[in-house]
Protein chains: 2
Amino acid sequence: MTSVEEILQQHNLKNTRIRQAVLSLLIDADEGLSHQDLSKSLDMDFDRVTLFRTLHAFEESGILHKIIDPNGTAKYAYTLPDKDKNKHSHAHFICLNCGQVVCLDETFLLNEIKVPKGFIKQTIDVQVKGICVKCN
Amino acid sequence: MTSVEEILQQHNLKNTRIRQAVLSLLIDADEGLSHQDLSKSLDMDFDRVTLFRTLHAFEESGILHKIIDPNGTAKYAYTLPDKDKNKHSHAHFICLNCGQVVCLDETFLLNEIKVPKGFIKQTIDVQVKGICVKCN
DNA sequence: AATTAAATGCAACAATGTTGCGTTTCTGAC
DNA sequence: GTCAGAAACGCAACATTGTTGCATTTAATT
Ligand SMILES: [Mn+2]
Ligand SMILES: [Mn+2]
Ligand SMILES: [Zn+2]
Ligand SMILES: [Zn+2]
């Protein structure tokens with residue numbers, strides 16, 4: 001069990017109110033949360049720019065990973081330290097009804113995918129869309 | 001060889017200047033184009049809202065399919081009538097350097113992917129990211 | 001307690017996309 | 001060709017997401 005404070009420390013991020021709050025929320029959440037989602041959930045005063053910068057910092061350090069939903073808005077999910085050794089290459093499920101984003105266990109092999117000559121593959125993002133259990 | 005006019009007719013879309021121009025551009029393009037890309041390429045006067053609505057109309061009718069790039073902006077690509085019988089379920093390559101979006105031949109089977117109990121799979125989107133041949 | 005790099009707050013801005021509404025234009029029927 | 005109706009367009013106004021610059025505050029270290 002690693003505390004929020006410890007996680008921040010391990011990534012050389014200063015321990016601030018908003019970072020603690022955001023990280024706590026996302027560790028507990030079972031889904032990806034957008035800037036807007038977090039703004040509504042956070043029970044404190046903060047500048048919206050600070051939240052954007054917080055999310056960027058977390059993404060850069062690998063604490064969170066970003067998923068672009070079908071509307072083009074970013075959602076962030078906590079990167080499980082054990083699960084994601086292979087650098088968050090897992091697939092995501094996106095509910096077409098409520099917009100919920102869930103991390104799946106499924107991962108994909110980059111090798112198997114053919115690209116045109118001269119193209120270099122680096123990462124793969126897979127989004128499975130459909131209806132989540134709540135909306136079903 | 002189907003002309004632009006014929007394509008519009010087949011989808012019950014009125015034949016207008018901007019629709020002809022947009023569709024011509026996208027049929028010739030070997031990559032997905034954004035609203036901005038098209039705005040720059042189009043050599044005519046038009047309202048930006050009209051272009052948004054044109055792209056929506058084309059997407060709804062299946063003439064184009066939308067790809068959300070890593071910045072969250074929409075790009076549109078012509079849906080090849082023969083290639084995409086299985087409703088544009090092919091993968092896309094996205095260049096991390098220049099942002100270019102290319103349709104790949106690769107398709108994926110929805111069956112193989114496991115989702116939590118109660119979730120219903122409908123479609124799958126695969127994005128392979130890396131460096132394109134121009135940027136290499 | 002002093003130092004300093006990092007983080008924050010604020011203001012201003014840009015890009016993308018949407019909605020409402022009045023006007024124009026395409027198309028099909030006559 | 002004329003006409004009518006539906007579809008598309010142009011314009012204005014707005015919402016949301018995200019970025020940048022800069023002055024101020026704060027967390028962590030000594
Ligand atoms: Mn995930
Ligand atoms: Mn495509
Ligand atoms: Zn749902
Ligand atoms: Zn490129």
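Chain letters run A, B, ... following the sequence lines, proteins first, then strands; residues in each count from 1. Note that the structure is predicted; figures quoted are calculated from it, not measured.
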Indicate yes or no: at least one non-hydrogen side-chain atom of A:Thr2 is less than 4.5 angstrom from one of A:Gln10. yes
Any donor-acceptor pair under 3.5 Å between the side chain of B:Arg53 and the base of C:dG17? no
If I take atom CG in residue B:Asn12 and atom C1' in nucleotide D:dA6, what distance separates them, rounded to the nearest angstrom? 13 Å
Tell me the interatomic distance from A:Leu51, atom CG, to C:dA7, atom P, rounded to whole angstroms. 15 Å
Would you say the rings of B:Phe58 and B:Tyr76 are close, in the sense that their centroids are separated by under 6.0 Å? no
Any idea which of C:dT27, C:dA7, D:dA8 is nearest the B:Asn15 side chain? C:dT27
Distance, rounded to the nearest Å, where B:Arg19 contributes CZ and C:dC26 contributes P: 11 Å
Would one find more than 12 heavy atoms of other residues, nucleotides or ligands at under 6.0 Å from atom CG of A:Asp28? yes
Measure the distance from CD on A:Glu59 to P on D:dT19 and round it to the nearest whole Å. 10 Å
Picking from C:dT18, D:dG18, C:dT8, which would you name as closest to the side chain of A:Phe52? D:dG18
Taking atom P of C:dT25 as reference, at what distance in whole Å does atom CZ of B:Phe46 sit? 18 Å
Is any N or O donor-acceptor pair between the side chain of A:Arg17 and the base of C:dG9 shorter than 3.5 Å? no
From CG of A:Asn71 over to P of D:dA15, roughly how many Å is that when rounded to an integer? 18 Å
Can you identify which nucleotide, out of D:dT19, D:dC9, C:dT18, has its nearest atom closest to the B:Thr50 side chain? D:dC9
Please report the distance, rounded to the nearest Å, between CD in B:Gln36 and P in D:dG18. 17 Å
In whole angstrom, what separates B:Lys66's NZ from C:dT16's P? 14 Å
Report the residue (B:Val49 or B:Thr73) whose heavy-atom-nearest nucleotide on DNA chain C is the more 5′ of the two. B:Thr73
Taking the side chain of B:Leu13 as its heavy atoms from C-beta onward, which of D:dA8, C:dT19, D:dT20 lies nearest to it? D:dA8
With the side chain defined as heavy atoms from C-beta on, B:Asp47 is closest, among C:dA7, C:dG17, D:dC11, to D:dC11
Mind running salt bridge (charged side-chain N to carboxylate O under 4.0 Å, His left out) on A:Asp125 and B:Lys129 for me, showing each step along the way? CA-CA 8 Å; A:Asp125 280 14; B:Lys129 300 177 187 174; 3.0 Å; yes
C:dG17 phosphate, OP1 or OP2: any side-chain N/O from B:Arg48 under 4.0 angstrom? no
From C:dC26, D:dT17, D:dC11, pick the nucleotide closest to the side chain of B:Lys14? C:dC26
Does a side-chain N or O of B:His56 approach OP1 or OP2 of C:dT18 to a distance below 4.0 Å, or not? yes
Touch class at under 4.0 angstrom, heavy-atom based, for B:Ala74 against every strand present: sugar-phosphate
Check the angle between the aromatic planes of B:Phe52 and B:His35 and answer parallel, tilted or perpendicular using the 30° and 60° thresholds. parallel
When hydrophobic residues are tied together by side-chain contacts of less than 4.5 Å, even through go-betweens, does A:Tyr78 share a cluster with A:Val22? yes
Give the nucleotide from the list D:dT17, C:dT8, D:dC9 with an atom nearest to the side chain of A:Thr16. C:dT8
